Enquirer: 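Here it is, the structure, as structure tokens.
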Amino acid sequence: MFISQLSLAAFDDITNHKVSSELLRLTADNVFLHMAPATNYLRPLSQEFQRDAVEGLPQFHCLQVYCEDLQLDNQLYSKSNFHFAVLLCQGEKNETMQWSRVNNLIVCNKDLESYKENCFIKLCIAFTKEENFVFHVNDLSFELKPARLYVEDTFVYYIKTLFDTYLPENKTACQSINTSDTTLILPEQVREHARALVKPVKLRKLTIQPVNLLVSIHASLKLYIASDHTPLSFSVFERGPIFTTARQLVHALAMHYAAGALFRAGWVVGSLEILGSPASLVRSIGNGIADFFRLPYEGLTRGPGAFVSGVSRGTTSFVKHISKGTLTSITNLATSLARNMDRLSLDEEHYNRQEEWRRQLPESLGEGLRQGLSRLGISLLGAIAGIVDQPMQNFQRVSEAQASAGHKARGVISGVGKGIMGVFTKPIGGAAELVSQTGYGILHGAGLSQLPKQRSHPNDQHVEQAPNSHVKYVWKMLQSLGRPEVHMALDVMIVSGSGQQHEGCLLLTSEVLFVVSISEDTQQQAFPVTEIDCLEDDQQKDLLKVQLKQQRVPSDLEADGARERLSEQQYNRLVEYITKTSYHLAPSTTTVPALQTVATEHLPTIVKTYQYVVDPNFAQVFISKFTMVKNKALRKGFN
């Protein structure tokens, strides 16, 4: 199976009942799934023992999952004071082959192997199928290309608190004691350990290939501490055979990767922004020097022209990496200093305002200078005005609480202290912000910025704009049918006679096709399924037609009741009944009385056509559903 793009989103419906806010979005590009029997999983047996031995063995299957690119976005970035727009993404995207050459089942092995080699994530699972659709995993292998991880403590705490509200409370912790049979119910922790021992983790082999990460961490403690693109390398994790509990396996994984992080502690300290990220500067200079010698050497092996091109590209890469490393180091140092000075000013309003502005990154040098100078000026004005403003705010706050005179005096003194602190910290923070914004402007303008961008904008859903539920139609509009069964509800655009379009919905039930207007939230039309035809337009595939055949009104002489008029359906069924039953009668007694009936097919009919704009894929499904429902109503076929 090939999937061009897969997107999963998590929404928050609890914080604000009027708006469903998007929290996270995981986007995976060019996913390839392949499952087949694992023929070479066991050693080949000899011919005489193969048939007898294989009969008692389970059938092994191999599932392979490949993903060319994956990214996890923070969709709250544009609405909150979070620092990172992307949480996880690929380290460096290679120029791979076009997906159009691979996204079909008929593809040569060379193209497929090239695609697999360049994939970001590779997962291989060998499993067996047991009774009741229970699968047992035997082998698991996981490989991850170099990735970038962005972690912020405030965002992690917010998501953790929010997800705790989604999960139901555990009410089985406190259990009563049944005194009648003196049976003591075991505590929940004991039962969990017992279940873990009864159902251990059994794997023949677990392999996690070496992982290389560039980790950026922002921690908002008493001071602002951050590390910028810290390189972390973890060795291969390979165990097998495994027969243990899940807790012990997780503990082994945690210890393995914790030890790998401790071995890179020097790089973690060297990547601190408060120190100017010297490790990032050294890494960037090292990459520039490596390109300066590597590219000319590679060109030398291909000829004089390639050597000259290699020298040019190597020099360009050398200058680019040194400039990028130096600017990034200075910018990170200034940003960290500015954030810490804003915290030390003890002015919550000033801190929140600066954080909101800081998220508006400049796109050029001029814009960076303009934003930096404006924020420096506001910081200087805030430092001067804070001497008077902070004592007044504290006094007003204490007065509203109707505190005593002693509390008012302490509030005023506290405000004076905050104002004096802001006199020193706010100008320093403003100057550092000027350097930071200028550096960001140069980095963005030259295309040297390292921070990735969101793949898609947040898609918040307002309650008043939510689509109508199909259950609503059943409860409010279809109760007159007794026990209505909605076979399909199709969202369409109703085309009026003048060509205007408005939103609507087609409700297909067992007897009637209802047309509902979404804007008016009312039923507009109802057609018996036996009297209409539903078909797709020959020219426009997104146009669905519903044709209703109506007969002309009979004349007064025919309407006096002299003859009984049957519908076309009733007339055909009557003719079919007489034809079939006449074979069971004797020839002498086959005297069928003259029926005073007239089929309506001899009368001129009027065909009314109603048009609806739909998705072509859903149109085909709807027509198939309608044909099935109509045949069942007419008692045709095996229904």
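Values in this document were obtained by computation on a predicted structure and should not be read as measured data.
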Enquirer: Report the C-alpha distance between Tyr257 and Ile208 in whole Å, list the side-chain angles of each, state the deciding distance to 0.1 Å, and finish with yes or no for side-chain contact (heavy atoms from CB on, under 4.5 Å).
Expert: CA-CA 11 Å; Tyr257 290 106; Ile208 300 178; 3.2 Å; yes
Enquirer: Is it the case that Ser7 and Arg25 place a side-chain donor and acceptor less than 3.5 Å from each other?
Expert: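 Yes.
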Enquirer: Would you find a donor on one side and an acceptor on the other, under 3.5 Å apart, between the side chain of Ser317 and the backbone of Arg313?
Expert: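 Here the side-chain-to-backbone pair does not exist.
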Enquirer: Would a 4.5 Å heavy-atom cut-off, applied to side chains only, mark Thr245 and Leu197 as touching?
Expert: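 Side-chain contact under 4.5 Å: yes.
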Enquirer: State yes or no: are the ring centers of Phe234 and His256 separated by less than 6.0 Å?
Expert: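 Ring centres of His256 and Phe234 not closer than 6.0 Å.
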Enquirer: Between Asp533 and Lys545, does at least one N-O distance fall below 4.0 Å, as a salt bridge requires?
Expert: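 No, this pair does not count.
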Enquirer: Rounded at 0.5 Å granularity, tell me how far CG in Leu508 sits from NE2 in His487.
Expert: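 Leu508 CG to His487 NE2: 6.0 Å, rounded to 0.5 Å.
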Enquirer: Tell me yes or no: between the side chains of Ser21 and Asp460, is some donor less than 3.5 Å from an acceptor?
Expert: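 Not at all, the side chains of Ser21 and Asp460 share no donor-acceptor pair under 3.5 Å.
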Enquirer: Are Asp291 and Lys320 ion-paired here, with the side-chain N under 4.0 Å from a carboxylate O?
Expert: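 So Asp291 does not pair with Lys320 through a salt bridge.
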Enquirer: Considering residues, nucleotides and ligands other than His193, do more than 12 of their heavy atoms fall under 6.0 Å from its NE2?
Expert: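 Check passes, neighbour count above 12.
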Enquirer: Which of parallel (below 30°), tilted (30 to 60°) and perpendicular (above 60°) describes Phe127 and Phe135?
Expert: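 Plane angle over 60°, so perpendicular.
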Enquirer: Tell me, with the steps shown, if Phe622 and Val614 meet side-chain contact (heavy atoms from CB on, under 4.5 Å).
Expert: CA-CA 10 Å; Phe622 185 81; Val614 299; over 6 Å; no
Enquirer: Would a distance-only check, ignoring hydrogens and angles, find a side-chain to backbone donor-acceptor pair under 3.5 Å from Gln64 to His34?
Expert: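 A pair under 3.5 Å: no.
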Enquirer: Given side chains that start at C-beta, do those of Leu144 and Asn212 come closer than 4.5 Å, heavy atoms only?
Expert: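 No, every pair of side-chain atoms sits at 4.5 Å or beyond.
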Enquirer: Report, as yes or no, whether the 6.0 Å neighbourhood of atom NE2 on His457 holds more than 12 heavy atoms from other residues, nucleotides or ligands.
Expert: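 Result for NE2/His457: open.
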Enquirer: Identify the two heavy atoms, one from Phe626 and one from Val529, that lie closest to each other, and give their separation to 0.1 Å.
Expert: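 Distance-wise, the nearest heavy atoms are CZ-O, 3.8 Å.
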Enquirer: From Leu232 CG over to Leu262 CG, what is the distance, rounded to the nearest 0.5 angstrom?
Expert: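 The distance works out to 10.5 Å.
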Enquirer: Specify the closest pair of heavy atoms between Gln209 and Ser141, including all atoms of both residues, with the distance to one decimal.
Expert: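 Reported closest heavy-atom pair: NE2-OG, 4.4 Å.
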Enquirer: What class does the angle between the rings of Phe32 and Phe2 fall in, given that below 30° is parallel, 30 to 60° is tilted and above 60° is perpendicular?
Expert: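 Answer is parallel, since the angle falls under 30°.
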Enquirer: Are the side chains of Leu513 and Leu506 in contact, using a 4.5 Å heavy-atom criterion?
Expert: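 Sidechains of Leu513 and Leu506: in contact.
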Enquirer: For the CZ atom on Arg294, are there more than 12 heavy atoms of other groups (residues, nucleotides or ligands in this structure) within a distance under 6.0 Å?
Expert: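 Buried by this count: over 12 neighbours within 6.0 Å.
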Enquirer: Give the intermediate values and the outcome of side-chain contact (heavy atoms from CB on, under 4.5 Å) for residues Asp29 and Gln90.
Expert: CA-CA 12 Å; Asp29 292 330; Gln90 191 172 354; over 6 Å; no
Enquirer: Return yes if some donor-acceptor pair links the side-chain N/O of Tyr115 with the main-chain N/O of Asn30 below 3.5 Å, else return no.
Expert: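 Looks like yes, one N/O pair under 3.5 Å.
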Enquirer: Does a donor on one side chain sit under 3.5 Å from an acceptor on the other, for Gln71 and Asp73?
Expert: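 Result is yes, a qualifying pair exists.
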Enquirer: Taking side chain as C-beta onward, heavy atoms only, is Thr207 less than 4.5 Å from Lys205?
Expert: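 Answer yes - side chains close enough.
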Enquirer: Once the angle between the rings of Tyr150 and His229 is folded into 0 to 90°, is it parallel (under 30°), tilted (30 to 60°) or perpendicular (over 60°)?
Expert: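 Correct class here is perpendicular.
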Enquirer: More than 12 foreign heavy atoms under 6.0 Å from CD of Glu503: is that the case here?
Expert: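 No - once you tally the heavy atoms of other residues, nucleotides and ligands closer than 6.0 Å, there are 12 at most.
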Enquirer: State the CD1-CG distance between Ile623 and Leu544, to the nearest 0.5 angstrom.
Expert: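 Output value for this atom pair is 5.5 Å.
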Enquirer: Which of these passes side chain to side chain contact (heavy atoms under 4.5 Å, CB included) with Val137: Leu203, Thr128, Leu63?
Expert: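 Answer to the side chain to side chain contact (heavy atoms under 4.5 Å, CB included) test with Val137 among Leu203, Thr128, Leu63: Leu203.
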Enquirer: Enter the distance from Thr230:OG1 to Leu272:CG here, rounded to the nearest 0.5 Å.
Expert: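 CG of Leu272 is found 7.5 Å from OG1 of Thr230.
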Enquirer: How far does SG of Cys89 sit from CG of Leu214, to the nearest 0.5 angstrom?
Expert: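 One gets 9.5 Å once the value is rounded to the nearest 0.5 Å.
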Enquirer: Is Lys79 atom NZ crowded by more than 12 heavy atoms from other residues, nucleotides or ligands, each under 6.0 Å away?
Expert: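 Counting neighbours around NZ of Lys79, more than 12 heavy atoms of other residues, nucleotides or ligands fall under 6.0 Å, so yes.
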Enquirer: Does the pair Asn74 and Phe84 meet the rule for a side-chain contact (heavy atoms from CB on, under 4.5 Å), with working shown?
Expert: CA-CA 7 Å; Asn74 172 19; Phe84 297 124; 5.6 Å; no
Enquirer: Is Pro210 close to Ser233 at the side-chain level, that is, under 4.5 Å between some pair of heavy atoms?
Expert: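 No; the side chains remain at least 4.5 Å from each other.
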Enquirer: Roughly how far apart are Arg247 CZ and Glu192 CD, rounded to 0.5 Å?
Expert: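 Between Arg247 CZ and Glu192 CD, I get 9.5 Å after rounding to 0.5 Å.
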Enquirer: Just wondering, more than 12 heavy atoms not from Phe237 lying within 6.0 Å of its CZ?
Expert: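 Correct, the count exceeds 12.
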Enquirer: Between Lys122 (side chain only) and Lys116 (backbone N and O only), is there a donor and an acceptor less than 3.5 Å apart?
Expert: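 Yes, the answer is positive, given that a donor and an acceptor are paired below the 3.5 Å cut-off.
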Enquirer: Are the side chain of Ser284 and the backbone of Ser280 linked by a donor-acceptor contact shorter than 3.5 Å?
Expert: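 Checking the backbone N and O of Ser280 against the side chain of Ser284, no donor-acceptor pair under 3.5 Å is found.
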